[in-house]
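Structure, as structure tokens:
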Amino acid sequence: MSSILFDVKDSIATITLNRPEKLNSFNREMALLLQEKLDICKEDKTIRCVVLTGAGKAFSAGQDLEEVIDPKGPGMQRILSEHYNPVIVRIRELKKPVLAAINGVAAGAGANIPLCCDIIIAAKSASFIQAFSKIGLIPDSGGTFFLPRLIGWQKASALMMLGEKVSAEDAEKMGMIYKYFDDEKFADAVGTISNKLASMPTMGLAYTKKGLQWSSTHTVYEQLQNEDKLQQWAAATADFKEGVNAFLEKRQPNFKGE
Ligand code: LHQ
């Protein structure tokens, strides 16, 4: 069985981390396969939404710690630059929405990869742990960038230093995730949100993603210019025309992602 499952249906690509017996912890094979699947999502024009989730009771326990000490393993020097950083870059650069569907415990890199996704939802029984400090490491996979921006510097600092487990309910309250759902309603919520995303104006969403990304490194004056540029790009899409026509004709729009 592959350590990554990949399924495309109704314009939605579902990528499932699949090492449930190891709580979907990342080894080199799984990290490289995830990159490969994200590349397919980039190239395949029929895909208009990506869902990232885990098999079994965990989302991901982060790095497979057995691999770290394996003398035949990739070694510390390569793990970030070849495994995690390329995943974060691919997700941020993907011109399609990525929904992180956190089905269970998310720890270490497994807690931080979702933070770079466009929307994070979680099952009520899921939890988030900045586990790095417990083994003497620093939070990686973009965690030091995304977490303070989502929940504020102080809470991020405390969670990263103390390594305390955060429930899905608290994660929602502090703004780490968008929403949590009761476990029995979670699969339906993933379906509803991903279907909605896949039927929306994909390029408009991609430019929204770009605008948010740029906002973290630009002044308000620069950002006003950026919004002007992005808005021109969005207005040049066929979906913008369709959206306006559908509104004026009082009908549902039929967006094609173009
Ligand atoms: C595991 C793991 C795991 C192997 C559970 N590896 N087996 C970047 C730079 C370079 C190197 C290092 O890493 C990084 C990025 C990182 O992600 S660093 C952070 C790595 N992750 C952790 O430190 C988390 C370790 N895991 C845990 O704290 C717990 O397992 C959590 C809180 C995730 C879940 O707790 P429980 O639900 O109580 O499950 P468990 O601890 O009993 O684990 C179940 C099994 O999974 C167990 O094996 P066993 O044979 O006893 O059933 C664990 O050893 C194994 N496992 N995480 N990361």
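As the structure is a prediction and not an experimental result, all values here were calculated from the model. All ligand and atom numbering here is 1-based and tracks the order in the structure.
Looking at heavy atoms from C-beta onward, S133 lies out of side-chain contact with M161 at the 4.5 angstrom threshold.
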Any chance you could lay out the side-chain hydrogen bond (donor to acceptor under 3.5 Å, both in side chains) test for D44 and T46, step after step, and finish with the verdict? CA-CA 5 Å; D44 186 339; T46 68; 2.6 Å; yes
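Each of W233 and F255 belongs to its own hydrophobic cluster when Ile, Leu, Val, Met, Phe, Trp and Tyr are linked at side-chain heavy-atom distances under 4.5 angstrom.
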Which atom pairs, nitrogen or oxygen on both sides, join ligand 1 and the protein at under 3.5 angstrom?
from: ligand 1; atom 1: 6 (N); to: L65; atom 2: N; distance (Å): 2.9
from: ligand 1; atom 1: 17 (O); to: Q63; atom 2: N; distance (Å): 2.8
from: ligand 1; atom 1: 17 (O); to: A109; atom 2: N; distance (Å): 2.9
from: ligand 1; atom 1: 21 (N); to: A61; atom 2: O; distance (Å): 2.9
from: ligand 1; atom 1: 58 (N); to: A61; atom 2: O; distance (Å): 3.2
from: ligand 1; atom 1: 58 (N); to: Q63; atom 2: O; distance (Å): 2.8

Could you go through residues 164-178 and list every donor-acceptor pair under 3.5 Å that involves a side-chain atom there, pairing it with any protein atom two or more places apart or in another chain?
from: S167; atom 1: OG; to: D170; atom 2: N; distance (Å): 3.1
from: E172; atom 1: OE1; to: Y180; atom 2: N; distance (Å): 2.9

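With no hydrogens or angles considered, a side-chain donor-acceptor pair links R28 and H83 at under 3.5 Å. If you check the side chains of S3 and E29, you find a donor sitting under 3.5 Å from an acceptor.
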